[in-house]
Amino acid sequence: MHWPNCTSDPPWTWIEQVTSHNRDGRVSPYTAHMALIDVSTTSAHYAIHIEPGLITRVGEMIRAVAPAGRAMLVADEALVDLYVAPVSQSLSDAGFETIIGTVEADEIHKSLLSVNHLYGAALKGNLERSSPIIALGGGVIGDLAGFAAATFMRGVPFVQIPTTLLAMVDASIGGKTGVNLPMPSSDDAAAPALAKNLVGAFWQPRVVLIDPNVLATLDRRHFNCGLAECIKHAILADRSLLEFIGEHASALQELNQAKLLELITRCAQIKADVVAADEREAGPRALLNLGHTFAHVIEPISELGLHHGEAVAIGLCAAAHCARMTDRLSEDDAKQIEQLISVVDLPTQLPRPIAVDTLMRAMLHDKKVQAGQLRLVLPTSIGSAEIINDVPDNIVRDSWKAVAASP
Ligand code: GLY
């Protein structure tokens, strides 16, 4: 399946070219650009602004979509010494009186308990129906703050300021918000401890504000995790994007500003197109789960020590093997996917073997299983994918073995 506008000639708008100046007025050695993407869904219409240095100007941009007054900033606690001060200063300059809450960005804190804390703070701080809740952080923070925004007073304005590559190109766009539930205790060792994103709401942000410069403080491992989602977008929609990532992998990892801006913009545009076509995941949005049905099984296995993006990388390889074994994907395309994942220092195999039986059992716990049948997203080439309901169990087992699961 192809989406409209996901071509090598992407339709985003470069709205301004600015030259950066140092404090002493000298022109700095690079020229910065900014990009603006429109997201148009059935329920909302909003913009994604992508601009180096934007973090110090978010207040005025938020005031353009929510009236000045009270606001709540929900931030990753690791950002307290980095970006909380400039963001809150900018909010104050724009006329907002801001409550600031910080939380450790760990899946365990993406809980109803945390939401309850946010409701309490919002009440104490006299937040009104027009007061924005602003997420500053990665996917965990965005999902949590977004769910509080979707439900407090039946919905208040929500703003996303993603600070990880993964959140910039995926999680912050499209309005999926939610929290995890603890799983009831079980004798089955394959059952995960958390039911991820089981309580949630679709609640679109009023605006998404992306400053690629903040990636300078993201460690390389988390940056690479974001690249896994970029590679996923490319496999789904745009072969030339995959080639771009391969060609400029080192420049991207060294945070070359122009290349990074292009990567984020192209990926955000793909995500915006998918969400515009299918806001509620009734159809093609489910394709964004490429690699994730495999990833969700291995991510919670603590002995593997995988971050989400690393689990997705292995999941993409397993999906590519599966697609090749069912004659959907060519050998060359499968190899190209695996090679790129390895070039950007992401794993293509499980770091230690896990029994296929354990993995298959855990797969059936995933919420994407329908009527006992696995639903897999499989690439059909680089640039297209389809949803398959009837992949035989033995092929899924072989796909796990291809990423080093033990028989
Ligand atoms: N991250 C998958 C989606 O937004 O649908």
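Atoms within a ligand are numbered from 1 in the order they appear, just like the ligands themselves. Fair warning: this is a prediction, and the values are worked out from it, not measured in the lab. In what follows, every heavy atom counts, from backbone to side chain, and hydrogens, waters and symmetry copies are set aside.
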Looking only at N/O atoms, are Lys232 and ligand 1 under 3.5 Å apart anywhere? no

Aromatic plane relationship, His222 with His307 - under 30° parallel, 30 to 60° tilted, over 60° perpendicular: parallel

Any Lys/Arg nitrogen of Lys196 or Glu299 sitting under 4.0 Å from an Asp/Glu carboxylate oxygen of the other? yes

Under 3.5 Å: donor-acceptor pair, side chain of Gln349, backbone of Ile314: no

Before accepting this row, confirm whether a basic side-chain N of the pair Lys259/Glu262 lies closer than 4.0 Å to the acidic partner's carboxylate O. no

Using side-chain hydrogen bond (donor to acceptor under 3.5 Å, both in side chains) as the criterion, point out the one residue from Glu107, His296, Glu229 that pairs with His308. Glu229

Of all protein heavy atoms, the one nearest atom 5 (O) of ligand 1 is Arg285 NE, 2.7 Å

So, 4.0 Å and heavy atoms of Lys271: is ligand 1 close enough to count as a contact? yes

Quick test: of every protein heavy atom, which one is nearest to atom 1 (N) of ligand 1, and how far off is it to 0.1 Å? Asp170 OD1, 3.2 Å

Backbone or side chain, does any N or O of Asn289 fall under 3.5 Å from an N or O of ligand 1? no

